[in-house]
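Working notes, structure below.
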Amino acid sequence: MAIDSIEALGSIMELSDEERAWDPEGPSTLPVLISDHIASLLAIPQIRRQFVPTAAENEDTACSLDPQEEAKHQGTGRLVHRYSRRAAFLTTDRCFAYCRHCFRRRFSGSLAGPADEDEIRQAAEYIASHPLISEVLLTGGDMFTLSDSHIDMMLSVFRSVCPSVILRLCTRAAAVCPERFTPQLMGIIRKHKDGAPMYLMTQFNHPEELTPDALSAVAAFVDMGIPAMNQSVLLRGVNDDEETLISLCSRLLMNRIKPYYLFQGDPVRGTAHLRVDIERGLEIERNIRRALSGLAMPQYTADLPEGGGKVILTHQYLRGKAPGTDGRYIFDTPDGGTRYYPE
Ligand SMILES: *Cc1c(COP(=O)(O)O)cnc(C)c1O
Ligand code: SF4
């Protein structure tokens with residue numbers, strides 16, 4: 001049984017003062033929910049920190065609940081259309097476990113519930129009437145909290161109304177509820193996988209989340225021809241050191257999961273204690289880039305406030321044109337040296 005209150009958690013394990021002092025009525029609005037799979041991993045501090053709330057959430061009242069202003073970029077009620085060629089469909093507000101760093105706090109666990117067939121059809125028709133849109137993110141919440149029949153219906157609607165659109169299946173379930181991927185569910189995915197490509201978008205933030213069950217859940221998709229990409233969030237006290245990220249990214253790649261993004265934590269209310277300073281983030285990015293192959297390296301990315309969009313964060317290797325020369329460019333090398341590059 002999933003744990004859905006701090007009291008229930010306190011009855012099965014010892015809580016710290018900081019954890020016990022978390023106020024469920026506080027300003028950050030995200031309920032406690034911990035899946036069985038995550039409950040079995042709570043002895044690992046970097047996992048506990050992602051799912052067990054602390055009083056620090058209540059103290060952070062400064063930021064917005066919706067820094068990306070997604071609510072302002074709605075194509076339909078549940079479709080966020082912020083970029084011309086792709087859109088995000090909020091399938092449901094539910095997740096198997098709520099991450100304390102969740103950036104979609106205005107929505108996750110808000111009781112909006114699953115999208116019904118009309119809402120799904122409306123979104124699919126909106127997409128069909130905007131032929132520039134070539135990719136749709138099925139996100140939330142977590143689409144795999146929907147029942148098998150609901151997922152089947154949703155994929156049928158998207159495949160019939162906008163058949164040429166790439167579907168990104170965005171989920172944290174492989175990490176937090178790998179048992180969800182039953183043979184029955186995988187049969188439904190298989191039924192809809194042909195045609196425009198599907199991609200599985202996972203979220204693993206720490207190497208200890210790569211349990212054998214989690215990895216076999218992802219492998220079932222990859223074996224079926226659905227590539228897997230991972231989006232991590234850079235989190236203070238979880239993965240804000242080079243060694244952890246190098247291990248995470250190498251193991252992801254070894255398991256056929258391409259590290260895609262490493263997100264700077266969004267300035268969402270209640271998450272200040274989990275954010276890493278961008279200067280330190282840039283230093284980490286530079287150091288792990290030296291260690292990792294191009295395939296294993298994620299893009300460190302910030303999603304700018306007020307709907308500004310995503311931007312890549314990386315060290316500025318090109319310093320400009322060398323003064324007093326014949327117009328050569330001057331570069332930093334990854335190891336901190338300098339090179340001139342002919343015009
Ligand atoms: C992040 C995001 C996307 C996808 O962006 P990519 O850079 O293509 O991964 C699409 N829509 C919204 C609203 C997003 O936030
Ligand atoms: S799984 Fe995603 S939407 Fe759900 S709480 Fe975690 S970050 Fe938020």
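Every number for a ligand or one of its atoms is a count from 1 in the order of the listing.
The one candidate from Asn239, Val238, Ile288 that meets the side-chain contact (heavy atoms from CB on, under 4.5 Å) condition with Thr244 is Asn239.
What sits closest to atom 7 (O) of ligand 1 on the protein, heavy atoms only, is Tyr261 OH, 2.5 Å. Nearest non-hydrogen protein atom to atom 1 (C) of ligand 1 is Lys310 NZ, 1.3 Å. The closest protein non-hydrogen atom to atom 8 (Fe) of ligand 2 is Cys102 SG, 2.3 Å. Counting protein heavy atoms only, atom 15 (O) of ligand 1 is closest to Arg82 NH2, 2.9 Å. Of the protein's non-hydrogen atoms, Arg86 NE, 3.1 Å is the one closest to atom 5 (O) of ligand 1. With respect to atom 12 (C) of ligand 1, the closest heavy atom belonging to the protein is Tyr83 CE1, 3.7 Å.
Distances below 4.0 Å separate heavy atoms of Cys95 from the following atoms of ligand 2: 1 (S), 3 (S), 4 (Fe), 5 (S). If you number the atoms of ligand 2 from 1 as listed, the ones under 4.0 Å from a heavy atom of Cys99 come out as 1 (S), 5 (S), 6 (Fe), 7 (S). Of all atoms in ligand 1, listed by their number and element, those nearer than 4.0 Å to a heavy atom of Val80 are 13 (C). In the vicinity of Arg172, heavy-atom distances shorter than 4.0 Å reach the ligand 2 atoms 1 (S). With ligand atoms numbered from 1 in the order given, ligand 1 contributes 6 (P), 7 (O), 8 (O), 9 (O) to contacts under 4.0 Å with heavy atoms of Tyr260. Interface of Gln203 with ligand 2, defined as ligand atoms under 4.0 Å from a residue heavy atom, comprises 7 (S).
A 4.5 Å side-chain heavy-atom check between Phe158 and Val165 finds every atom pair outside the cut-off. A 4.5 Å side-chain heavy-atom check between Asn205 and Arg172 finds at least one atom pair inside the cut-off.
Heavy atoms of Arg168 found under 4.0 angstrom from ligand 1 belong exclusively to the side chain.
In this structure, a donor-acceptor pair under 3.5 Å is absent between the side chains of Asp213 and His37. In the model, Gln184 has no side-chain atom that pairs as donor or acceptor with a side-chain atom of Asp148 under 3.5 Å. No donor-acceptor contact under 3.5 angstrom links the side chains of Arg180 and Thr171, judged on distance only. Checked by atom type, the side-chain pair Ser247/Arg251 shows no donor-acceptor distance below 3.5 Å.
By the neighbour-count criterion of 12 heavy atoms within 6.0 Å, atom CZ of Arg286 is densely surrounded, having more than that number from other residues, nucleotides or ligands. More than 12 heavy atoms of other shown residues, nucleotides or ligands fall within 6.0 angstrom of atom CE in Met13. Counting heavy atoms of neighbouring residues, nucleotides and ligands inside a 6.0 Å radius, atom NZ of Lys72 does not exceed 12 of them.
Residue Glu70 has no nitrogen or oxygen atom sitting less than 3.5 Å from a nitrogen or oxygen atom of ligand 1, judged on distance alone.
Contact between His81 and ligand 1 is absent, with no heavy atom of the residue lying under 4.0 Å from the ligand.
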